[in-house]
Amino acid sequence: MARYNAKDSEQRWQDAWNAANVFLTPTDHSKPKCYVLEMFPYPSGRIHIGHVRNYTMGDVLARFKRSQGFNVLHPMGWDAFGLPAENAAREKHVNPRDWTYENIAAMKDQLKLMGLSLDWTREFATCDPAYFAREQKLFLDFYRENLAYRSEADVNWDPVDMTVLANEQVIDGRGWRSGALVERKKLSQWFLRITAFSQELLDALDTLERWPEKVRLMQKNWIGRSEGLRFTFRLSNDEGLDVFTTRPDTLFGASFVAISPDHPLAEELANKDTTLAQFQAECRRIGTAEEAIEKAEKLGYDTGLTAAHPFDPNWKLPVYVANFVLMAYGTGAIFGCPAHDQRDLDFARKYKLTVNAVVIPEGADPKTFDVGNEAYVGPGKLANSQFLDGLTVEEGKAEVLKRLETAGIGERKVQFRLRDWLVSRQRPWGCPIPMIHCPTCGVVPVPEDQLPVKAPDDLTFTVKGNPLDVHPTWKHVSCPQCGGAATRDTDTLDTFVDSSWYYARFTDTTAEGPVNQEAVDYWLPVDQYIGGIEHAILHLLYSRFFLRAMKKAGYVKIDEPFAGLFTQGMVCHETYKDAAGLWLAPEQIDKRDGGVFVKGSDEKVTVGPSEKMSKSKKNVVAPEAIIDIFGADTIRWFMLSDTPPERDIEWTEEGADACWKFVQRIWRLVSEAEGLPPVGTPVTGNSDLRRAVHKAIAAVTEDLAGLRFNRAVAQIYTLTNAISAAGAAPGAERREALEALVQLIGPMMPHLAESCWDALGHAPFVAAAPWPKAEAELLAIHTVTIAVQVNGKLRGTLEIAPDTDKAEVEAAALALESVTRALDGKAPKKVIVVPNRIVNIVA
RNA sequence: GCCCGAGUGGUGGAAUGGUAGACGCACUGGACUCAAAAUCCAGCGUCCGAAAGGAUGUGUCGGUUCGAGUCCGACCUCGGGCACCA
């Protein structure tokens with residue numbers, strides 16, 4: 001029998017599935033549904049191996065659920081707007097639209113090689129006018145529902161390129177292309193009111209039981225609910241200054257007040273104080289990234305103003321502008337209590353401010369307790385705090401709150417870290433914001449019958465600034481309300497908006513409105529969403545918000561888009577460097593004689609650790625090259641084997657070879673099987689082989705349902721070994737075993753499974769055959785192995801009938817020769833018998 | 001800085017608080033072959049031992065328990081995220 005020819009076979013089965021429409025989404029809604037979705041790709045032009053891992057997992061699940069009788073929706077599309085297309089437009093002088101659609105075509109060809117069970121009739125790209133027209137409609141709905149509003153916000157501004165920069169485009173405070181020092185600039189921009197749902201988004205996390213705990217926790221921290229006190233300081237210039245604190249109990253430990261460099265008061269003071277203005281500029285150079293701000297040295301500028309302590313008007317606290325106070329959180333102003341907050345302490349030490357401990361840990365003396373250089377944030381009793389002395393932290397918080405509320409200068413406040421979602425982007429390759437600015441009427445929505453608002457075809461990318469904004473005619477329109485001269489909003493929506501509702505659009509891509517009510521009611525929520533952990537917060541949180549906003553606008557009845565979430569790990573590879581320290585690609589090296597050399601020479605290669613595949617380190621492998629050599633089933637099997645799906649996997653050449661050998665092994669086992677009775681021959685009995693088969697069916701079924709692909713793979717190896725060892729078993733038993741094996745590998749290696757199914761005499765398709773069922777009586781256990789320990793150390797085992805009486809098990813254990821030897825004549829003090837598990841004799 | 005995750009043989013990893021190392025890779029020995037590849041069989045944590053067997057062993061230190069890779073506390077190391085990359 002010939003070797004399995006993956007290339008021919010895979011093409012043949014892909015064509016056959018296609019011709020028979022095996023993977024079209026069922027339209028009869030009477031059966032239970034399963035919506036399986038992988039995070040759709042950005043069309044960079046090539047699929048990378050991370051996509052292969054992601055889509056393989058989703059495909060296994062989709063095929064598994066389909067054969068279990070579910071109506072499966074398994075679509076694919078393209079997250080097609082974004083920066084790379086603009087960069088290509090600038091660098092290669094191509095139209096971003098052409099570049100994007102060419103990439104989509106190329107990637108689609110590559111994806112098709114994988115044999116994914118996708119319904120391609122539902123494909124769309126977010127840059128299709130048919131899609132973003134509906135997105136613009138949703139934006140107008142949200143505006144009407146008061147979920148979209150305009151406000152000023154900071155951007156990174158490149159003064160040379162005259163363009164807004166993404167954080168990623170700011171390198172060491174300079175524009176990535178121009179090298180100019182980046183400025184911060186205020187622009188009037190659109191926001192979506194995600195904070196209207198802060199509490200709801202937080203509470204609902206508890207209901208997402210099929211989400212990783214880690215992701216829920218990350219979102220919880222991101223939403224960042226904290227309870228505290230907002231109160232007003234009276235300043236020496238007689239103005240009031242609002243601050244927020246979660247530690248009102250430490251108010252008597254205050255030694256300064258600090259405001260953000262972006263605080264209105266700081267702006268006001270800077271108008272008359274050039275040194276302060278310089279200080280502000282210096283702070284802003286740190287950028288907007290939280291990491292940079294937190295890590296930067298704590299810097300402050302003494303405004304000369306003072307704030308009166310709320311409980312003692314004669315106690316004056318200096319007011320600083322400080323770089324670590326964020327305008328975006330709370331009120332943009334704090335009181336500093338150095339003894340009990342590390343940042344405040346660092347600041348106080350630097351500016352030689354007093355450090356008074358007011359929370360004293362158990363057993364410490366209030367008179368001598370000194371925090372040194374580490375703030376004390378633990379529990380304790382209040383001291384040096386007048387009327388608070390002796391209270392606990394919690395009691396102190398309540399007391400201060402009560403007094404300031406009574407005095408009318410403070411109130412209890414629930415503060416969220418979550419900020420509204422800034423969605424305006426000053427970029428041409430995105431969904432245009434369908435709004436018009438009229439000097440008379442203000443902001444006017446584009447009438448719905450004029451949607452979609454499309455970018456013009458003749459954009460120039462060589463100009464400075466946003467091409468949409470500098471285009472000679474596009475933005476000039478007449479106001480839909482008064483007819484006067486007006487201009488379009490030249491910003492586009494954040495691409496996260498595009499990906500916040502695509503899953504809903506997939507349920508009916510022909511819907512006239514954004515969604516079809518009947519389709520979303522049936523298909524949503526997504527039953528299993530699979531993608532990278534890098535989307536743990538933003539994409540997933542925005543999508544959760546977006547569906548709520550769509551509900552408010554009357555489109556859907558549910559709140560949560562993704563009932564099940566799985567975040568898969570990355571694909572890594574060893575890194576290689578030559579003698580000169582330059583990176584080498586895997587195909588440039590040669591492993592031989594126990595060493596690693598530059599291919600075609602004796603130059604030694606330094607092998608580095610396995611890292612996420614990246615172009616710069618050259619440790620990438622191209623999926624299409626692997627498919628070309630081994631076929632799609634091999635790469636799919638690799639992606640599922642050995643490593644748990646949530647963990648990073650390392651691509652190795654040896655592993656790929658091993659998978660390919662396994663493909664051949666199965667093919668041999670099936671195609672060379674002799675003496676098999678015809679399809680449908682009944683089989684009875686409880687031979688070892690039959691028990692192994694049904695045990696494998698049960699285990700693989702459970703593992704696939706739980707997305708434990710690596711364990712399912714191990715079970716299949718075990719079954720394969722059992723079949724190999726049972727060459728002398730009756731034909732009917734071997735047929736049953738081979739059919740089970742073929743069906744179990746079906747979701748993972750679908751082409752090979754079809755070829756085997758065919759070789760076993762079945763009509764196509766195994767992909768459409770019902771999932772095998774394990775027979776309960778064959779899973780029953782006839783004997784159990786019980787471990788026997790003496791003082792917790794293994795001394796022997798017992799083969800015994802399951803559920804044997806405890807006393808009998810104990811007697812049998814004590815009778816073991818190895819046990820009497822270990823006891824050495826001592827009488828057992830105690831014997832613990834765990835039924836069917838273990839006996840532990842304590843001597 | 002803050003938040004999160006992970007540490008088990010040569011290696012990827014398995015293990016409802018109950019026989020640590022399933023299954024795969026690599027390696028070693030053997031069979032087949034003129035030879036190689038492929039395939040098949042056997043071995044494979046470490047130490048002592050010819051073997052039987054024994055000791056030891058899941059990043060470190062301590063704790064809970066008849067029993068800990070698993071639970072608790074402290075620490076060490078590595079990795080990821082931090083609002084305009086998608």
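A note on names: the letters A, B, ... follow the listed sequences, proteins ahead of strands, and every chain is numbered from 1. Heavy atoms only: backbone and side chains are in, while hydrogens, waters and symmetry mates are out.
Of the candidates G81(B), A26(B), A86(B), the closest approach to any side-chain atom of Leu83(A) belongs to A86(B). Checking G18(B), G12(B), C25(B) against every side-chain atom of Ala658(A), the shortest atom distance belongs to C25(B). Listed nucleotides: U19(B), C23(B), G18(B). Nearest to the side chain of Val834(A): G18(B). Checking U39(B), C84(B), C25(B) against the side-chain heavy atoms of Glu654(A) singles out C25(B) as nearest. Side-chain atoms of Asn221(A) lie closest to C4(B) of the nucleotides A83(B), C4(B), C84(B). Counting only heavy atoms from C-beta on, Ala787(A) has its side chain closest to U19(B) among A38(B), U19(B), C66(B). For Arg417(A), whose side chain is taken as the heavy atoms from C-beta onward, the closest listed nucleotide among C84(B), A83(B), C25(B) is A83(B). Minimum atom distance to the side chain of Tyr717(A) is reached by G24(B), of the listed G24(B), C66(B), A86(B). Comparing G12(B), G18(B), A86(B) by their nearest atom to the side chain of Asp79(A) picks out A86(B). Of all nucleotides listed (C4(B), C25(B), A14(B)), A14(B) comes nearest to the side chain of Pro644(A).
No hydrogens or angles considered: a donor-acceptor pair under 3.5 Å links the side chains of Asp489(A) and Trp190(A). Between the side chains of Arg647(A) and Gln568(A), no donor-acceptor pair of N or O atoms lies under 3.5 Å. For the residue pair Gln426(A) / Asn466(A), no side-chain donor-acceptor distance below 3.5 Å is found, with atom types taken as modelled. Judged purely by distance below 3.5 Å, without hydrogens or angles, the side chains of Trp78(A) and Tyr131(A) never pair a donor atom with an acceptor atom. At a cut-off of 3.5 Å, with distance as the only test, no side-chain donor of Tyr529(A) or Thr567(A) sits close to an acceptor on the other residue. Inspection of the Ser226(A) and Gln415(A) side chains reveals no N or O donor paired with an N or O acceptor under 3.5 Å. A side-chain N or O of Trp421(A) and one of Asp494(A) form a donor-acceptor pair less than 3.5 Å apart.
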- [ ] Starting at the 5' end of nucleotides 48-59 of chain B, put B wherever the base has a protein heavy atom under 4.0 Å, S where only the sugar-phosphate does, and a dash everywhere else.
- [x] -----SSSS---
Task: B/S/- contact track for nucleotides 42-47 of chain B, protein heavy atom under 4.0 Å - done: ------
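Applying the 90° criterion around 0 to the glycosidic angle, G59(B) comes out anti.
One C1' atom belongs to U39(B), the other to U33(B), and the distance between them is 11 Å to the nearest Å. Only the P atoms considered, A20(B) is 12 Å distant from G57(B), to the nearest whole Å. A51(B) sits 12 Å from C44(B) when the P atoms are compared, rounded to a whole Å. Comparing the same atom, P, in G54(B) and in U60(B) gives a spacing of 25 Å after rounding to whole Å. Across the P atoms, G12(B) and U8(B) are found 7 Å apart, a figure rounded to whole Å. Taking atom C1' on both G80(B) and G73(B), the two are 26 Å apart, rounded to the nearest angstrom. Between G69(B) and U56(B), the two C1' atoms lie 16 Å apart (nearest whole Å). The same atom, C1', is picked in G30(B) and in G67(B); the two are 42 Å apart, to the nearest Å.
Residues satisfying the salt bridge (Lys or Arg N to Asp or Glu O under 4.0 Å) criterion with Arg193(A), sequence neighbours excluded, are absent altogether. The side chain to side chain donor-acceptor pair (under 3.5 Å) test applied to Asn221(A) returns no partner, not counting sequence neighbours. Listed by chain and number, the residues in a salt bridge (Lys or Arg N to Asp or Glu O under 4.0 Å) with Lys350(A) are Glu297(A) (sequence neighbours excluded).
For Arg425(A) and C84(B), the shortest distance from a side-chain N or O to OP1 or OP2 is below 4.0 Å. Remark: Asn710(A) is in phosphate contact with A14(B), judged by side-chain N or O atoms under 4.0 Å from OP1 or OP2. Between A14(B) and Arg647(A), a contact under 4.0 Å exists linking OP1 or OP2 to a side-chain N or O. Contact annotation: Asn721(A) side-chain N/O to G24(B) OP1/OP2 distance is under 4.0 Å.
The nearest whole Å value for the distance from the CD atom in Glu653(A) to the C1' atom in G12(B) is 15 Å. Per the geometry, CZ belonging to Arg3(A) stands 10 Å off P belonging to A38(B), to the nearest Å. We find that NZ of Lys220(A) is positioned 10 Å from P of C4(B), with the value rounded to whole Å. Between Leu187(A) atom CG and C84(B) atom C1' there is a gap of 12 Å when expressed in whole angstrom units. Asn54(A) has its CG atom 18 Å from the P atom of A86(B), to the nearest Å. As a whole-Å value, the separation of Asp494(A) CG from A83(B) C1' is 10 Å. In this structure, the CZ atom of Phe638(A) is 12 Å from the P atom of C25(B), given to the nearest Å. As rounded to whole Å, 12 Å separates atom P of A86(B) from atom CZ of Phe40(A).
By the 4.0 Å N-to-carboxylate-O rule, Glu817(A) lies close enough to Arg821(A) to be salt-bridged with it.
A donor-acceptor contact under 3.5 Å is formed by the side chain of Asn840(A) with the base of C66(B). Donor-acceptor pairing under 3.5 Å, judged by distance alone, is present between the side chain of Gln189(A) and the base of C84(B).
Toward the 5' end of RNA chain B, the nearer of the two residues Arg343(A) and Thr495(A), judged by each one's closest nucleotide, is Arg343(A). Comparing Lys298(A) and Ile786(A) by the nucleotide of RNA chain B that holds the closest heavy atom to each, the one mapping nearer the 5' end is Lys298(A).
The list of side-chain hydrogen bond (donor to acceptor under 3.5 Å, both in side chains) pairs with a residue in residues 788-797 of chain A, not counting sequence neighbours, is empty.
Using a 4.0 Å heavy-atom cutoff across all strands shown, Thr785(A) reaches at least one base atom of the nucleic acid. Using a 4.0 Å heavy-atom distance criterion, Trp222(A) is classed as a base contact. Residue Leu422(A) is classed as a base contact, given a heavy-atom separation below 4.0 Å to a base. Using a 4.0 Å heavy-atom distance criterion, Gly82(A) is classed as a sugar-phosphate-only contact.
Although no hydrogens or angles enter the test, the distance criterion places a donor-acceptor pair under 3.5 Å between the side chain of Asn836(A) and the main chain of Asp803(A).
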